[in-house]
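In what follows, a structure is listed as structure tokens, so that the remarks can point back to it.
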Amino acid sequence: MALNEAHKARIIGHMNKDHAKELTQYLRAFNGLSSSAARGAQLTDMTLDAMTIESASGTYTVAITPPLGSAADARVRLVDMSQRAQQLLGLSDIQISAFTLPEGGGIISSLGVSLYFVCAATLSLVQPGTAAWGMLDVAFPYGAAGYKWLVRAIFLPVLLIHITEAWWIARTRLAKHGVEVGSTLWLLWVANTFVEGYPAMKRFDGLVEVEKKKKESAKH
């Protein structure tokens, strides 16, 4: 028995409008595509035992297992496939689609790191005979020469620490919670974590907890 054309059109329209992310996950989990190859996934056809999905890299057939008995089975089966895809990809059912600004200690951390990089970027301007040199010679504990030595000495460690923190939030949190690599949201969180550091990760974890509570409340 084939899918009724009207039912099929309704399912295809619904999936493309509201579940494009799940279509991408089907391609990644069941057909082994990379994130970039699965980007822009759209459902173009469907039978009782397979979906035809087009993406940035081509057209693919994704098996529906077990096959549908009728169109009435589609919702339950596709949700089940989505959950299996998330498990295979190591993804959470909690999806984050927002960016929030630093607060509290995160603001202090951001200002401190930003100030350091301004100091590093303007280090060449601190030369004997300049106003900056004279001011630092008086105000900095080890004088202007000590200031220049310190800024240079900690540059690589500071840079590596903040690159690592930006990499870590991308690896352990963003992909897991549905933030697509290279998207505006991904860039905001990665860039902010590079500057702010660990407080940005704690803020992201807070958003995850809020979404978990919403999901739990919806069950009751």
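Keep in mind that this is a model prediction, so the values were computed, not measured.
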With side chain to side chain contact (heavy atoms under 4.5 Å, CB included) as the test, would you mind laying out the steps for I11 and M46 before giving the verdict?
-> CA-CA 9 Å; I11 293 168; M46 185 174 181; 3.6 Å; yes
Quick one: name the residues clustered hydrophobically with M201, using the 4.5 Å side-chain heavy-atom rule over I, L, V, M, F, W, Y, and just say none if it's on its own.
-> I94, I96, F99, L101, W167, W168, I169, L174, V179, V181, L185, W186, L187, L188, W189, V190, Y198, F204, L207, V208
Verify same cluster id: L111, V158 (apolar side-chain graph, 4.5 Å) | no
The reported gap from NZ in K202 to CD in E209 (rounded to nearest 0.5 angstrom) is 9.0 Å
Would you kindly confirm whether L88 and V62 end up in one hydrophobic cluster when ILVMFWY residues are joined by side chain heavy atoms under 4.5 Å apart?
-> yes
Give the cluster check for L91 versus F30: same hydrophobic cluster or not, with ILVMFWY residues linked at side-chain heavy-atom distances below 4.5 Å.
-> no
Output for pair (I154 CD1, L159 CG), nearest 0.5 Å, gives 11.5 Å
How long is the span from the CD1 atom in I53 to the CG atom in N31, to the nearest 0.5 Å?
-> 7.5 Å
Stepwise side chain to side chain contact (heavy atoms under 4.5 Å, CB included) test for Y60 and E54 = CA-CA 6 Å; Y60 303 90; E54 289 185 1; over 6 Å; no
Once you round to the nearest 0.5 Å, how far does CZ of R77 lie from CG of D49?
-> 11.5 Å
Residue list, ring-ring contact (aromatic ring centres under 6.0 Å, His included) with H7, at least two apart or on another chain | none
Just wondering, are more than 12 heavy atoms of other shown residues or ligands nearer than 6.0 Å to CZ in F140?
-> yes
Report the distance from atom CG of L48 to atom OG of S70, rounding to the nearest 0.5 Å.
-> 8.0 Å
Sub-4.5 Å side-chain heavy-atom contact between R203 and E196 | yes
Name the orientation class of the two ring planes belonging to F117 and F194 (parallel below 30°, tilted from 30 to 60°, perpendicular beyond 60°).
-> parallel
K213/E216 ion pair, N-O < 4.0 Å | no
hydrophobic_cluster_shared for V151 and I161, side chain cutoff 4.5 Å = no
Could you state whether L89 and V79 fall into the same hydrophobic cluster, counting links through intermediate Ile, Leu, Val, Met, Phe, Trp or Tyr residues with side-chain heavy atoms under 4.5 angstrom apart?
-> no
Can you list the steps and then say if V195 with S114 is a side chain to side chain contact (heavy atoms under 4.5 Å, CB included)?
-> CA-CA 7 Å; V195 176; S114 298; 3.5 Å; yes
Answer yes when E180 and K21 have at least one side-chain N-carboxylate O distance shorter than 4.0 Å, and no when they do not.
-> no
About how many Å separate CD of Q83 and CD of E22, when rounded to the nearest 0.5 Å?
-> 10.5 Å
K8, NZ atom: more than 12 neighbouring heavy atoms under 6.0 Å | yes
When you look at M51 and T61, which way does the side chain to side chain contact (heavy atoms under 4.5 Å, CB included) test go after all the steps?
-> CA-CA 6 Å; M51 290 179 283; T61 299; over 6 Å; no
